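Here the structure is laid out as structure tokens; the discussion comes afterwards.
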Amino acid sequence: MTEKTFDAGDFTLEHVREHVWELPQEGDMRVPARVLANEALLEQISDDKTLEQLRNTTHLPGIQEYAICMPDGHQGYGFPVGGVAALDAEDGCISPGAVGYDINCGVRMVKTNLTYDDIQGNEEELLNSLFANVPTGLGGGAVVDNAPVEEILDRGVEWAVEAGYGVEADLAHCEDEGVRPEADPQTVSQKAKDRGRNQAGSLGSGNHFLEVQRVTDIYRDDVAAEFGLREDQIVVLIHCGSRGLGHQVCTDYLRDIEQTHEGLLNQLPSKELAAAPAGSQLAEDYYGAMCAAINFAWTNRQLITHQTRQVFERVFDRSWEEMGMELLYDVSHNIAKKEVHTVDGEDNELFVHRKGATRAFPAGRPELPPAYREVGQPVIIPGSMGAGSYVLRGGEHSLEETFGSTAHGAGRLMSRTQAKNEYWGEDVMDDLREDNQIYVKAESGATVAEEAPGVYKDVDDVVSVSDALGIGDTVARTYPVCNIKG
DNA sequence: ATGTAC
């Protein structure tokens, strides 16, 4: 270790090597904590609670190696958004706060064989038709009214495909093939199910969006060819989660775990990290309920994919198959999952908590579908609505550095309240259209202000750290064409 | 993120 340090508010980080910074283990910390970032990104987390929350995480029983903060990390509920914590699945614990309220918030990319030329002039028709056919905003609205929630919780995208909202190939291009088999609908409260019943196929609000984009840059020709991506291609990005259902699951189990496992809670530096010991009834139940909410979120994105395909069919008067509207991949950003990782030469089953972090498995991992087993997993990292997004490929160092994870987005720079003081939604939309030919339509102007490009970090910085560390390699970059949101 | 609050 070098002598170099970074003074981040109340914390001093030691420089391990390029882009790797460490909070040394001290006091009741069970392991050190690591931040993967350049100095500009570190500066941006020096004044909030990100580092305090990261350090708190190192107190969780069973934590392995390090608590890790990705380059896009910022403060969240109890645990940083952009945090990764791997906890022993036998002797450790599971923590709802380290998964987040929006269980399986995530993103999928739908490819097309259209080019930017094909859709120029159609942007507003596309925008309006997408907005009319994809429910957005807080509260109700759904593609499927009175949906069979129990079956969705149990079977995920398999249900959607059987019901005619997708094809078999969609399953093969979704993390875990669109189904978490450990899902246990019986552990999901009636209240959560009631909230989900009329939200199956809805975008929601906040940072969630559906964006038509064009591919502007290819960085790795061979990988891009395997992924079916090329310059000037039109793609669609769908970013949303498990809506009120997942939120209710988190709320229900946080309260229950706080009460039932008060002894463990009292050993932790923050109530927001409440955790259930591995093997306890509540750990089992929360895992089953979280997996069920995961299935709901995947189905949600599948139903929105179906609507998107139909909109494209009407606007361009061709079938979606003719337009090549196949899934590239669907990745989770908020999840805890049992995975086997090698620690100190031994294979251990761990609850890998990724909150605002993406699984980024390299070639060879058995979990990857056949299409990506030789090349590595596609990772999709959305930027702000003014910046576009990146497609990465799980890097060969991800398993040793981050339990197979990388960043999930640009990361917020300021709170929603602060954003609303700085920006006015209508002005943001006018600027994007006039200066960048980006068409935005939203349920609420306030949401546009909260999500203005200026409230986000530079996604280029985030991705360059991932690429330099070899945890997620850049493959392609996209730029927005039109965007709908809540 | 969220029927934006217990």
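Everything numeric here is computed off the predicted structure, so don't read it as measured data. No hydrogens, no waters, no symmetry mates; every other heavy atom, side chains included, goes into these values. Per chain, numbering begins at 1; letters A, B, ... match sequence-line order.
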Exercise. Please determine if a side-chain N or O atom of A/R243 lies less than 4.0 Å away from the OP1 or OP2 oxygen of B/dT2.
Key: yes

When we call it a touch if two heavy atoms are under 4.0 Å apart, what does [X] touch: a base, just sugar-phosphate, or nothing?
{"X": "A/G206", "value": "sugar-phosphate"}
{"X": "A/Q199", "value": "sugar-phosphate"}
{"X": "A/S242", "value": "nothing"}
{"X": "A/K191", "value": "base"}

Give the rounded distance in Å between these two atoms: [atom1] of [X] and [atom2] of [N].
{"X": "A/Y77", "N": "B/dT2", "atom1": "OH", "atom2": "C1'", "result": "14 Å"}
{"X": "A/K271", "N": "B/dC6", "atom1": "NZ", "atom2": "C1'", "result": "11 Å"}
{"X": "A/H208", "N": "B/dT2", "atom1": "NE2", "atom2": "P", "result": "5 Å"}
{"X": "A/Y101", "N": "B/dA5", "atom1": "OH", "atom2": "C1'", "result": "12 Å"}
{"X": "A/R255", "N": "B/dA5", "atom1": "CZ", "atom2": "P", "result": "17 Å"}
{"X": "A/E258", "N": "B/dC6", "atom1": "CD", "atom2": "C1'", "result": "13 Å"}
{"X": "A/E451", "N": "B/dT4", "atom1": "CD", "atom2": "P", "result": "18 Å"}
{"X": "A/D252", "N": "B/dC6", "atom1": "CG", "atom2": "C1'", "result": "15 Å"}

Quiz item: Any cation-pi pair here, A/R243 with A/F296, using under 6.0 Å and within 45°?
Solution: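 No, a cation-pi geometry is absent between A/R243 and A/F296.
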
Exercise. Using the side-chain contact (heavy atoms from CB on, under 4.5 Å) rule, take A/V110 and A/L328 through it: C-alpha gap first, then chi angles, then the decisive distance, then the call.
Key: CA-CA 6 Å; A/V110 181; A/L328 170 66; over 6 Å; no

Quiz prompt | Sidechain N-carboxylate O distance under 4.0 Å for A/R197, A/D194 | solution =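 So A/R197 pairs with A/D194 through a salt bridge.
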
Quiz item: Using 30° and 60° as the class limits, which term best fits the ring planes of A/Y287 and A/F351: parallel, tilted or perpendicular?
Solution: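 Because their plane-to-plane angle lies in the 30° to 60° range, the rings of A/Y287 and A/F351 count as tilted.
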
